[in-house]
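In what follows, a structure is listed as structure tokens, so that the remarks can point back to it.
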Amino acid sequence: MKRKLKRIIVAAFSLILAIGNSTAAFAMEEEASELVSAVVETEEDPVAADITEQELTAVTLNEVAHSIFYAPQYVAIELGYFEEEGIDLTVVTGFGADKTMTALISGEADIGFMGSESSIYTYSGGAADAPVNFAQLTQRAGNFVVAREDTDDFEWSDLIGKDVLGGRAGGMPEMVFEFILKQNGIDPSEVNINQSIDFGSTAAAFSGGQGDYTIEFEPSATALEQEGVGYVVESLGVESGYVPYTAYCAKLSYFTEHSNVIQAFSNALQKGMDYVNAHTPEEIAEVIAPQFPENDVETITTIVERYYEQDTWKENLIFEEESFELLQDILESAGELEERVPYDDLVTTEFAEKAAESTEE
């Protein structure tokens, strides 16, 4: 369309010059030239073409970790979906749900991305401006059991009496791990779970000789395999079933003042989700590779395929009530929830539903 417009304008130049070199003709020629330059400049940048002269809204997202587990988000970033929706996104990694929630509550972040158990804790604590979840990204646990030795016949009972580098008490990774242990007839007290190591540092600690096993996200799990110091022997995502593992939330006041931003953000995420569900692990890896410069594309593909095969990503962002209740079951099992909280107070599906409808059109 832009090339056709350019040809029409150029044809107009020729007609003007054919009529004569009057002052008016030259003035019309200069005005048309400026128009052609604008068309050409816009044509060279497809994203700019869609948002010409549109001022982007700055949004700060604090993510709990930077992991290939969150591939749909990085697809949305790399393919310019946030810019298409009018958002200038800045991503900060919190390295732990507690730190991400602190950034959100303090106003350092506009949107938080973490396990939604954090919003339950905040609400139960009586926060006046409690965060509300508006989009769920993953439906499986994203971490794996990494052992010192490779084995094809791992049993959960192998962990009894062993030293395991776990997660923060009350955090989703640790609670899902303990939930699985109980599902397999093992009391967590029978396992020596080390919860003292900061999130994101367990892989380095394991590589340095601490622990018989460690519970790791990607790319740390594969990195340990590549170093030859650890081997993935089990997936918590497969064992735990469908769990609302990570979700996006914002303070209630932010919804009131920036509901249009929440909708635009949801639209961009849904586009990323659609891409992931419609493309191969190889194609997904190629797109998100710039987000993980420490890994080659082959390694990223291996990790994406591992998550892909266990049905990690939802088809839409809708955080359903059944999932929320399962989450509370896990919290109760871990002894982290004294009283269940109302779904309608902590989850809204309005924005996710509209985002899903918009990509179906």
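Relative ring orientation between H279 and Y275 is described as parallel, the plane-to-plane angle staying below 30° on a 0-90° scale split at 30° and 60°. Between Y74 and F292, the ring-plane angle classifies as perpendicular under the 30° and 60° cut-offs. Classification of the F255-F134 ring pair by plane angle, with boundaries at 30° and 60°, yields perpendicular.
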side-chain hydrogen bond (donor to acceptor under 3.5 Å, both in side chains) between S157 and E155, worked out: CA-CA 5 Å; S157 58; E155 299 288 343; 5.2 Å; no
Y213 vs D158, side-chain hydrogen bond (donor to acceptor under 3.5 Å, both in side chains): CA-CA, chis, key distance, verdict: CA-CA 10 Å; Y213 295 86; D158 294 343; 4.8 Å; no
Stepwise side-chain hydrogen bond (donor to acceptor under 3.5 Å, both in side chains) check, Q73 with Y248: CA-CA 11 Å; Q73 172 182 294; Y248 296 86; 2.7 Å; yes
Audit row: T100, N62, side-chain hydrogen bond (donor to acceptor under 3.5 Å, both in side chains) steps and yes/no: CA-CA 6 Å; T100 294; N62 192 296; 2.8 Å; yes
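In this structure a side-chain-to-backbone donor-acceptor pair under 3.5 Å is missing from T299 to N295. D198 places no side-chain N or O within 3.5 Å of a backbone atom of S201 that could act as its donor or acceptor partner. Put simply, the side chain of N184 never gets that close to the backbone of I186: no donor and acceptor are under 3.5 Å apart. Q328 places a side-chain N or O within 3.5 Å of a backbone atom of V341 that can act as its donor or acceptor partner. At least one donor-acceptor pair under 3.5 Å links the side chain of S106 to the backbone N or O of A103. Proximity of a side-chain donor or acceptor of D129 to a complementary backbone N or O of L252 within less than 3.5 Å is detected. Judged purely by atom type and a 3.5 angstrom limit, S259 has no side-chain atom pairing as donor or acceptor with the backbone of T256.
Side-chain heavy atoms closer than 4.5 Å link hydrophobic residues (I, L, V, M, F, W, Y) into clusters, and following such links, even through other members, never connects F324 to I318.
Salt-bridge formation is not detected for the pair D163/R148: no Lys NZ or Arg NE/NH1/NH2 atom is positioned less than 4.0 Å from an Asp or Glu carboxylate oxygen. Of the charged side-chain nitrogens involved, none lies within less than 4.0 Å of a carboxylate oxygen, so that E178 and K182 do not count as a salt-bridged pair. A salt bridge links R306 to E225: at least one charged side-chain nitrogen sits closer than 4.0 Å to a carboxylate oxygen.
Closest approach of R140 and Y245 over heavy atoms only: O-CB, 3.5 Å. The nearest pair of heavy atoms linking F206 to G211 is CE1-O, 3.6 Å. Here the closest heavy-atom approach between residue L236 and residue P173 is recorded as CD2-O, 4.5 Å.
The line from CG of L269 to CG of L317 is 5.5 Å long, rounded to the nearest 0.5 Å. Rounding to the nearest 0.5 Å gives a distance of 11.0 Å between CG of N260 and CD of E85. For the atom pair CD1 (I193) and NZ (K162), the distance works out to 14.0 Å, reported to the nearest 0.5 Å. L61 contributes atom CG, which lies 8.0 Å from atom CZ of F113 (distance to the nearest 0.5 angstrom). I215 CD1 to S220 OG: the interatomic distance, rounded to the nearest 0.5 Å, is 12.5 Å. Between Q310 atom CD and T138 atom OG1 the span is 10.0 Å, to the nearest 0.5 Å.
No donor-acceptor contact under 3.5 angstrom links the side chains of T312 and Q139, judged on distance only. Using modelled atom types and a 3.5 Å distance limit, the side chains of S116 and N133 yield no donor-acceptor pair. A side-chain N or O of E216 and one of T214 form a donor-acceptor pair less than 3.5 Å apart. Counted by atom type alone, E63 and T93 present one or more donor-acceptor pairs between their side chains at under 3.5 Å. Side-chain N/O atoms of Q183 and E239 include no donor and acceptor closer than 3.5 Å.
No option in Y307, F144, Y70, F69 other than F69 meets the ring-ring contact (aromatic ring centres under 6.0 Å, His included) test with F217.
Annotation: side chain of T301 is not in contact with side chain of T280 (no heavy-atom distance under 4.5 Å). Within the 4.5 Å cutoff, no side-chain heavy atoms of M273 are placed close to those of E315. In this structure the side chain of T246 never reaches within 4.5 angstrom of the side chain of M114, judged on heavy atoms. The shortest distance between side-chain heavy atoms of W156 and V145 falls below 4.5 Å. Put simply, the side chain of T302 does not reach to within 4.5 Å of the side chain of I300, judged on heavy atoms.
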